[in-house]
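Inspection log for the structure reproduced underneath, given as structure tokens.
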Amino acid sequence: MMIEESVDITKDDLRLLIEGKLPAADMERLVKIGTKAKDRFRNYIELLQEKTGFHERILLRISDALYIVAKDGGGRVVKCACGQELGDYRINWKLACRVLVRKTRQDFAEVFNLPEELLPIDPNLVEIREYYCPNCLIRHGLERTPPGYPPIFDMLPDLDTFYREWLGEPLPDESADWFRDLTYEQTAQWAKTSEGRETNAAQ
Amino acid sequence: MGIGYKGKTLKEMVEERERSTAETGRCYGLDRLVLDEQDPITLTRFHWHITSACVAARETAKWVAGSPVLRSFGECLWMVTRPEGDVIAASLGLTGHVACTPEVIRSVIRQGFEERPGLKDGDIYFCADSLYGNPHNTDPETLVPIFYQGQLIAWAAAVIHVAEIGAALSPGSMAPISPNTFTDGFSFPPTRIGENFEVYPWWETTWMRKTRLGTINILDEKARITGCLMIREKILAMVDEYGLDYFEEATKEIFERERRTLERHILRETIPGRYRQASFRPYFQKGLVPTIQEANSNILDQQPLELRILPTGKLQIDAEGTSSAWWHADNALNPKSSLLGLYYWWMPTVIRETNGLNSSLMDQMEWIVPPGTRLNAAAFSAFAGQQRAPADNGRIGSSMSNMYSRARFARGILEEAIPMQIHGFVGGFGGTFENGRPWAASDFTGASYKSRAAGPSQDAVEFCGATANPQSDWQEVEELDMYYPPMVTLAKGLVPDFLTPGKNRGALHSNLVYLVYRPGQGARVNYCAIPNALYGDIASGISGGHPAIGCFSILFQDTNVMELISRGEGYPGDLREIWEWIQAGKLRVGSISAHPSDRPSTAVHEGDLYVCVGNGTTSWGDELERDPALVEADLNRQTISSQAARRLFGVMATKSDHAWRHDASATAELLESKRAERARRSIPAQRWWESERRAIKDKTFSDPLVSNLYRDALQRSKRWADEFTAFWQLPQDYQLEVQEI
């Protein structure tokens, strides 16, 4: 493999990098390049488009198996590699997952692979939350927090700024609304549903 | 008439620097880099001359020191700064200090030494106090002003993490329990400790009387000064070679040139937007300091962090929602003293692009730390404890690294999307020998190496260098054992099977096993965990990977290990073996105490086994997605057992001809059953939310510590309170009462 500053990484090697199969020596040489080439992102997206087979345009990859894609009829949503959609990217995608909460010493011993007697954990103080895709059950997220801590919204990208100002390729559906956190609108909706259900049950 | 450039006072120079930078967004207001445009090679050569002066100082002066913390671990840094305090270049070593040194120098300037008694050639200054910029008092900084023809043109600065700082409640250098300034030990605001290039005799007497390792601390002082004087000589020779005007302009241009490199890096390798992470730490102090009533309790601490990568390429790092400062040992009394953790993250992130280590990042970012929080604690009390604050500030570095890795991953820079952990553990030991002589020391072995975390394209790598201190080594047991004779190191190494699973797995944890032998009149141990094992260093893993487990200690007391040794039956070689021997009935223990965080000073006795564990790393991705061939390779390297392969990764393997092979169909079956178990045990997020909300609305929490954590955050931060109540859809006036602990 030839790595030069002006070339950065060939598309074939980038494919290997994405698959986790780039040889260690090439990886090391890649790390040592001073400035990454400008076309890296374009090639990355092209390869991801190929890899996923999505017909929608991928705007960003936000984790191993989660992508923000532009919907054909408008809208930008988070989509799992299996095809499952997890809603508008401005809402924390964790709210569209299935959740497993680990909260006993036995649960922790399983995860830490330690005998319970040696486990330095008080389960009243901490829990592990795992977020699975509702379709393929891949784990997209994992959190270790005190019980009651709201799920962390890891990343809300400013896509319009990125495409217009950093890449010079503005998106067709630009709007100031795209860089907003809508998570709380989702929970407000849930509260209405939940309270409606309770009212109905009371009646 | 001041001692600075063109007769300005140092205060005037600092004010001018701050004003011109704020007005233009460029360091010193520089628009054009004239020297760089005219002759970049000479400017770069000049920069490397300064850097080499720092490196040469470190490599020589560390041999003057007495402490193994310095000689074999290299917990030190030598720097050259401009008169205003900006670090232009630094040696190898403890990188984070370039972020704090500008504030230490500005504190010296603010103290008014220039006016009274006068700041002059040959003076030696010292500072060891978080209130004035040091990360904590255990990282004393010695400063030598460099004068040329009567003008102060630069400072030579040196930091060494000392092995013992005289803290009241715990021996060593990182006291887990130190509620206030008066228990922190040897702490000094900016002080002139010598003149005419000589230290005052009273200063050495002070080290002898105020710390438990006075002789070694004096040698460390001599090491700091030796390096600074070496730097001074080199700088003066450089001014002779390049000229004073060139020196003045070039040091400014280097700084602005480095800032522009950082800006280009951010624009090329990240995605603008908002990133979030959080971390937590427990403080268990109830019953440990009953006479200091205000500190005699337990609390939980939270540190949410938001990184905003702005359209301009500037960074905003906002710690809104961080818990209130309290009477514990983790307070950054000056917000700039908490910057150490940020630099631990930043330096290895961009070093390939810059010409070295410097403090120019400070002008490429904004550090937002609400007053009264642990990261900006003077508004709570200027007398709150600071003893182990930088250990806790490592959480900032880990969170930043995690968030920045997400940005790089999204941009396609996968080879560098590696979330580093600012990990380590420091054991503190002390006691009184049989002959009545006190002893104390810290073992930095656990802080002196690092494993690389897993990334999107690769597994973690054990023992590949410490992020905070890239030049360190895992120390020599033979040398260290001399410093704490009653604590005999039985074993150090990796613990098989003990790792975080993932598509790309985390690094194995390591352990140190000590045997207490001839403790004399009394011996005790403590432990500083960076980070704690209750919450780890970050809350949210990447791509479904696990955050690192964290650091913890286990004390096995009333054992029969001395009998086993005397009968020639050996001793256990690591934590797993200790447990296997206990299970087999070979090793008998009276009690086991596993502590998830900092262990307070604890008495130990002959035959006790003390195990310190830590330095595993985060994994990346879902372990059920791991290539079974990689699990097979781990089996054959004995990194994991077949039981762990099955339990953690869902891979079935059999051994034949001394080699493990995975069984593809049995593995597929097991993976399928693990996915089915996920489906069975999990519920839709909405159902989970409804059930949690009911409890929170009813103010029912799993523990009073958890309730008090949220009570504090709700009262302290409006933004955090608004988001908490909006997420759980609580009344806007939702508040919690204090729960008794």
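Just so you know, these numbers come straight off a predicted model, no measurement behind them. The sequence lines fix the lettering, A, B, ..., with proteins before strands; numbering per chain opens at 1.
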Just by distance, do the side chain of [X] and the backbone of [Y] share a donor-acceptor pair under 3.5 Å?
| X | Y | result |
| --- | --- | --- |
| Y44(A) | A410(B) | no |
| W579(B) | L114(A) | no |
| Y535(B) | L125(A) | yes |
| R276(B) | I152(A) | no |
| W166(A) | P311(B) | yes |
| R144(A) | A548(B) | yes |
| S457(B) | L17(A) | yes |
| R139(A) | D622(B) | no |

Heavy-atom pair of closest approach, residues [X] and [Y]:
| X | Y | answer |
| --- | --- | --- |
| A726(B) | T187(A) | O-OG1, 3.1 Å |
| P150(A) | W728(B) | CG-NE1, 3.8 Å |
| I121(A) | A533(B) | CD1-O, 3.5 Å |
| P147(A) | Y710(B) | O-OH, 3.0 Å |

If you measure from [atom1] on [X] to [atom2] on [Y], what distance do you get to the nearest 0.5 Å?
| X | Y | atom1 | atom2 | value |
| --- | --- | --- | --- | --- |
| R61(A) | R411(B) | CZ | CZ | 16.0 Å |
| L575(B) | L118(A) | CG | CG | 5.5 Å |
| Q277(B) | D154(A) | CD | CG | 7.0 Å |
| L30(A) | I413(B) | CG | CD1 | 8.5 Å |
| L534(B) | D122(A) | CG | CG | 7.0 Å |
| D497(B) | F112(A) | CG | CZ | 15.0 Å |

Between [options], which has the largest tally of heavy atom pairs under 4.5 Å with chain B?
| options | value |
| --- | --- |
| R129(A), K94(A), E165(A), E185(A) | R129(A) |
| L14(A), T161(A), L137(A) | L137(A) |
| N43(A), N113(A), L100(A), D158(A) | N113(A) |
| E130(A), Q186(A), K38(A) | K38(A) |
| G20(A), C136(A), A24(A) | G20(A) |
| A96(A), A65(A), P115(A), P123(A) | P115(A) |

Looking at [options], which one has more heavy-atom pairs under 4.5 Å with chain A than the rest?
| options | value |
| --- | --- |
| A407(B), A685(B), S279(B), S682(B) | S682(B) |
| I549(B), I554(B), N504(B) | I549(B) |
| I271(B), I683(B), N402(B) | I683(B) |

Do [X] and [Y] touch side chain to side chain, with heavy atoms closer than 4.5 Å?
| X | Y | value |
| --- | --- | --- |
| D722(B) | Y184(A) | no |
| V706(B) | N124(A) | no |
| K36(A) | H265(B) | no |

Could you tell me which portion of [X] (side chain, backbone, both or neither) has an atom closer than 4.5 angstrom to a non-hydrogen atom of chain A?
| X | answer |
| --- | --- |
| L307(B) | neither |
| T270(B) | both |
| I592(B) | side chain |
| R675(B) | both |
| H546(B) | both |
| E723(B) | both |
| E415(B) | both |
| R693(B) | side chain |
| F727(B) | both |
| Q302(B) | side chain |
| Q686(B) | both |
| R264(B) | neither |
| I640(B) | neither |
| I582(B) | neither |

Start with the C-alpha gap between V99(A) and E692(B), add the side-chain angles, then the distance that decides, and say whether side chain to side chain contact (heavy atoms under 4.5 Å, CB included) holds.
CA-CA 12 Å; V99(A) 186; E692(B) 291 289 303; over 6 Å; no
Please determine whether side chain to side chain contact (heavy atoms under 4.5 Å, CB included) holds for the pair Q729(B) and E195(A), giving the CA-CA distance in whole Å, both sets of side-chain angles, and the decisive distance to 0.1 Å.
CA-CA 11 Å; Q729(B) 292 293 306; E195(A) 281 153 17; 5.8 Å; no
Checking salt bridge (charged side-chain N to carboxylate O under 4.0 Å, His left out) for the pair K21(A)/D627(B): CA distance, chi angles, key distance, verdict?
CA-CA 11 Å; K21(A) 291 178 179 161; D627(B) 181 351; 6.0 Å; no
Does atom CZ of R105(A) have more than 12 heavy-atom neighbours from other groups under 6.0 Å away?
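Yes, the 6.0 Å shell around CZ holds more than 12 heavy atoms from other groups.
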Step through the shown structure and confirm whether more than 12 heavy atoms of other residues, nucleotides or ligands are within 6.0 Å of CD on Q106(A).
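At most 12 heavy atoms, drawn from other residues, nucleotides or ligands, come within 6.0 Å of this atom.
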Hey, what's the ring geometry for W720(B) with Y149(A), parallel, tilted or perpendicular (30° and 60° as the breaks)?
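It falls in the tilted class, 30° to 60°.
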